[in-house]
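Quantities reported herein were computed from a predicted structural model and do not represent experimental measurements.
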Amino acid sequence: MTNRRVSPSPTPLRRAAGLFAGLALGVALLAGCSSENASTDCGLDACTVTFDRGVEASATILGVEAKLVGAEGDQVTVEVAGEQLSLTVGQQAAQAGGFSVTLDSVTDQQVVVRVARDPNS
């Protein structure tokens, strides 16, 4: 007869803690962002940033800073990766620092901008 050592299985608490730590790390890597007066929804190569109007608003996304500089009517000025862009809804994407930037929508309270890594850069 052979005696085998069986290592004890991790306790449910230890397993749950490991799962939580892995999920938290995954979310942090995917998000990789912070914001002030803005909210972000990020994937691996693109983020949608919703800026609050009438206040200083910025977000750090995909390793660069995006700021709402100003909004007048349906024209918005944003700064992405240190470059200022003037955008209107429906306009083709503008390029800044290896990113494509489009204006999704403008309301009296919010400006929604999509920033994506430019695959051609």
Is a side-chain donor or acceptor of Arg53 paired with a backbone partner of Ala71 at a separation under 3.5 angstrom?
yes
Show your working on side-chain contact (heavy atoms from CB on, under 4.5 Å) between Thr77 and Gln84 and close with a plain yes or no.
CA-CA 7 Å; Thr77 303; Gln84 281 199 6; 3.8 Å; yes
When Thr48 is tested against each of Val112, Thr102, Ile61, Val113 for side chain to side chain contact (heavy atoms under 4.5 Å, CB included), which residue passes?
Val112
Is a side-chain N or O of Gln91 found less than 3.5 angstrom from the main chain of Leu103, in a donor-acceptor match?
no
Checking the side chain of Asn37 only, and the main-chain atoms of Glu56 only, is there a donor and an acceptor separated by less than 3.5 Å?
yes
Report the C-alpha distance between Gln95 and Ser100 in whole Å, list the side-chain angles of each, state the deciding distance to 0.1 Å, and finish with yes or no for side-chain contact (heavy atoms from CB on, under 4.5 Å).
CA-CA 5 Å; Gln95 306 304 309; Ser100 295; 3.3 Å; yes
Closest approach of Glu83 and Gly97, non-hydrogen atoms and distance?
OE2-N, 3.1 Å
Is there a path from Val89 to Val69 through hydrophobic residues (I, L, V, M, F, W, Y) whose side chains come within less than 4.5 Å of each other?
no
Taking every heavy atom of Phe51 against every heavy atom of Ser58, the minimum-distance pair comes out as CE2-CA, 4.0 Å
Tell me, with the steps shown, if Phe99 and Asp118 meet side-chain contact (heavy atoms from CB on, under 4.5 Å).
CA-CA 5 Å; Phe99 293 90; Asp118 188 352; 5.7 Å; no
Where Gly73 and Val106 come nearest, the two heavy atoms and their spacing
O-CG1, 3.7 Å
Side-chain donor-acceptor contact under 3.5 Å, Gln110 with Thr107:
no
Do you know which of Leu68, Asp52, Thr50 makes side chain to side chain contact (heavy atoms under 4.5 Å, CB included) with Val111?
Leu68
Would you say that Asp41 contacts Cys47 through its side chain, given a criterion of any heavy-atom pair below 4.5 Å between the two side chains?
no
Is any side-chain heavy atom of Leu87 closer than 4.5 Å to a side-chain heavy atom of Gln75?
no
